[in-house]
Number of protein chains: 2
Amino acid sequence: MPEPEPGDSGGALPGVRLTRQRTAVAEVLDRVDGFRSAQELHDLLRRSGEAVGLTTVYRHLQALVDAGQVDVLRVVDGEAIYRRCPTQDHHHHLVCRLCGRSVEIDGPEVEAWATRMAGEHGFVEISHSVEVFGTCSDCASSRS
Amino acid sequence: MPEPEPGDSGGALPGVRLTRQRTAVAEVLDRVDGFRSAQELHDLLRRSGEAVGLTTVYRHLQALVDAGQVDVLRVVDGEAIYRRCPTQDHHHHLVCRLCGRSVEIDGPEVEAWATRMAGEHGFVEISHSVEVFGTCSDCASSRS
DNA sequence: TAGCCTATTGAAAACGGTTGTCAAAACTGT
DNA sequence: ACAGTTTTGACAACCGTTTTCAATAGGCTA
């Protein structure tokens with residue numbers, strides 16, 4: 001975890017080096033739309049000729065998640081799937097179970113509901129996970 | 001997986017045997033309130049003198065989940081936590097991150113919102129995961 | 001009650017995703 | 001080019017969960 005120098009905010013962090021692998025992971029995330037597992041991204045990189053070690057893929061994904069630049073979700077079996085989202089603001093997802101395609105969705109009423117529920121029951125330090133899974137129109141129509 | 005006899009529906013399934021272990025898992029779930037991992041439940045059983053193999057704990061939990069009698073959630077690191085809920089109807093949870101205590105919460109507006117979002121984007125076969133995590137009042141106050 | 005048939009059990013091994021290890025390779029400022 | 005870090009990646013470890021399979025034990029029938 002690179003420690004940010006005080007007074008230096010944003011831009012290229014000191015002590016962070018620009019490597020082929022870091023760039024490759026960032027680019028593959030931009031190229032695909034939809035949530036992908038680390039191993040899928042690793043495969044995509046290999047296939048596109050920009051091979052990157054699986055360990056390194058995990059490392060960069062983790063770093064991007066920590067930096068808030070990538071969203072991570074857990075599918076039912078516990079696997080983590082990642083996506084670079086257009087918006088950095090708090091939002092939720094409508095995710096296709098089959099192809100991973102996803103759209104950001106916004107739910108002011110859900111935020112309000114979660115906050116109200118927490119308050120009513122004396123819970124503090126609230127976080128919520130609100131994700132909607134389904135089958136997107138493309139996948140639904142391309143089914144026998 | 002026991003194959004149900006045609007013509008016999010409900011009640012004690014044919015081919016399902018009442019064992020000490022099956023009873024013990026059911027009882028520990030009733031005894032604890034709050035979500036617990038399989039390994040925690042396994043520990044609780046051992047400590048209460050009703051030792052049950054870890055494999056068997058997993059098996060019965062799985063069966064109860066399949067039967068809709070137990071709810072299962074995934075915590076951030078991917079671990080599964082289980083709870084027998086008072087209500088069988090569709091509901092969500094407000095879960096304490098520290099002690100696992102949980103209250104069922106209801107969110108008609110969330111259901112409506114999820115359905116509306118899915119419709120607007122052409123997604124079908126919708127399911128959603130909506131869980132709220134926080135720190136319950138007991139855990140918050142018993143903190144140094 | 002004895003015996004049979006099948007469901008169940010659980011120790012151990014397999015599994016799959018993820019993380020730690022550590023020596024080698026690669027950046028970047030000088 | 002050099003030095004001094006950071007980064008890389010093959011490999012092993014980890015951890016929760018599932019599978020395997022021989023041993024055990026319900027529960028029915030005679």
Side-chain angles (χ1 to χ4, degrees), chain A residues 1-5 8 11-28 35-46 49-67 70-83 100, chain B residues 1-5 8 11-28 35-46 49-67 70-83 100:
Chain A
M1 197 183 305
E3 183 173 338
E5 215 77 49
D8 181 332
L13 277 349
V16 173
R17 296 182 183 172
L18 216 61
T19 62
R20 179 182 66 77
Q21 291 90 337
R22 185 189 301 279
T23 308
V25 171
E27 282 186 350
V28 74
F35 281 88
R36 294 293 144 85
S37 72
Q39 319 226 29
E40 282 173 327
L41 293 168
H42 175 249
D43 271 3
L44 286 171
L45 285 166
R46 171 180 309 229
E50 283 285 351
V52 175
L54 180 55
T55 308
T56 303
V57 174
Y58 274 110
R59 261 194 297 246
H60 285 305
L61 286 174
Q62 191 56 59
L64 289 165
V65 169
D66 290 346
V70 160
D71 285 4
V72 57
L73 254 57
R74 296 264 168 193
V75 288
V76 274
D77 66 346
E79 195 182 24
I81 53 179
Y82 303 84
R83 185 195 188 199
Chain B
M1 196 184 304
E3 183 172 337
E5 214 78 49
D8 182 330
L13 276 348
V16 172
R17 296 181 182 172
L18 214 62
T19 62
R20 180 182 66 78
Q21 290 89 337
R22 185 188 302 282
T23 308
V25 170
E27 282 185 348
V28 74
F35 281 88
R36 294 292 144 86
S37 71
Q39 319 226 27
E40 283 173 327
L41 293 168
H42 174 249
D43 271 2
L44 287 171
L45 285 166
R46 170 181 309 228
E50 282 286 351
V52 174
L54 180 56
T55 309
T56 303
V57 174
Y58 274 110
R59 263 194 296 245
H60 284 305
L61 287 174
Q62 190 57 59
L64 290 165
V65 170
D66 290 347
V70 160
D71 286 4
V72 57
L73 254 57
R74 295 261 169 196
V75 287
V76 274
D77 67 347
E79 195 182 24
I81 53 178
Y82 303 84
R83 186 195 188 199

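Note that the structure is predicted; figures quoted are calculated from it, not measured. Within every chain, numbering begins at 1; the chains are lettered A, B, ... in the order of the sequence lines, protein sequences first and strands thereafter.
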State, with a plain yes or no, whether a side-chain heavy atom of [X] is found less than 4.5 Å away from one of [Y].
{"X": "A:V16", "Y": "A:R22", "answer": "yes"}
{"X": "A:Q39", "Y": "A:Y58", "answer": "yes"}
{"X": "A:L41", "Y": "A:V25", "answer": "no"}
{"X": "B:V75", "Y": "B:I81", "answer": "yes"}

TODO: Would you give the length of the straight line joining atom CG of B:L64 to atom CG of B:D71, rounded to the nearest 0.5 angstrom?
DONE: 11.0 Å
Just how far, in rounded Å, is [atom2] of [N] from [atom1] of [X]?
{"X": "A:D77", "N": "C:dC15", "atom1": "CG", "atom2": "P", "value": "17 Å"}
{"X": "B:L73", "N": "D:dG16", "atom1": "CG", "atom2": "C1'", "value": "16 Å"}
{"X": "B:R22", "N": "C:dT6", "atom1": "CZ", "atom2": "C1'", "value": "13 Å"}
{"X": "B:I81", "N": "D:dT17", "atom1": "CD1", "atom2": "P", "value": "11 Å"}
{"X": "A:L41", "N": "C:dG17", "atom1": "CG", "atom2": "P", "value": "13 Å"}

- [ ] Please list all pairs passing the salt bridge (Lys or Arg N to Asp or Glu O under 4.0 Å) test where one or both residues lie in residues 49-64 of chain A, with sequence neighbours left out.
- [x]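 Only A:R20-A:E50 qualify under salt bridge (Lys or Arg N to Asp or Glu O under 4.0 Å).
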- [ ] For nucleotides 19-30 of chain C, just jot down a letter per nucleotide in 5' to 3' order: B, S or -, based on protein non-hydrogen atoms under 4.0 Å.
- [x] BBB----BBS--
Open item on the list: Heavy atoms only, 4.0 Å cut-off, all strands: where does B:H42 land among base, sugar-phosphate and nothing?
Closed with: nothing
Open item on the list: Below the 4.0 Å mark, does C:dG16 have OP1 or OP2 next to a side-chain nitrogen or oxygen of A:Q39?
Closed with: no
Task: Phosphate contact (C:dT8 OP1 or OP2) by B:H60 side-chain N/O below 4.0 Å - done: no
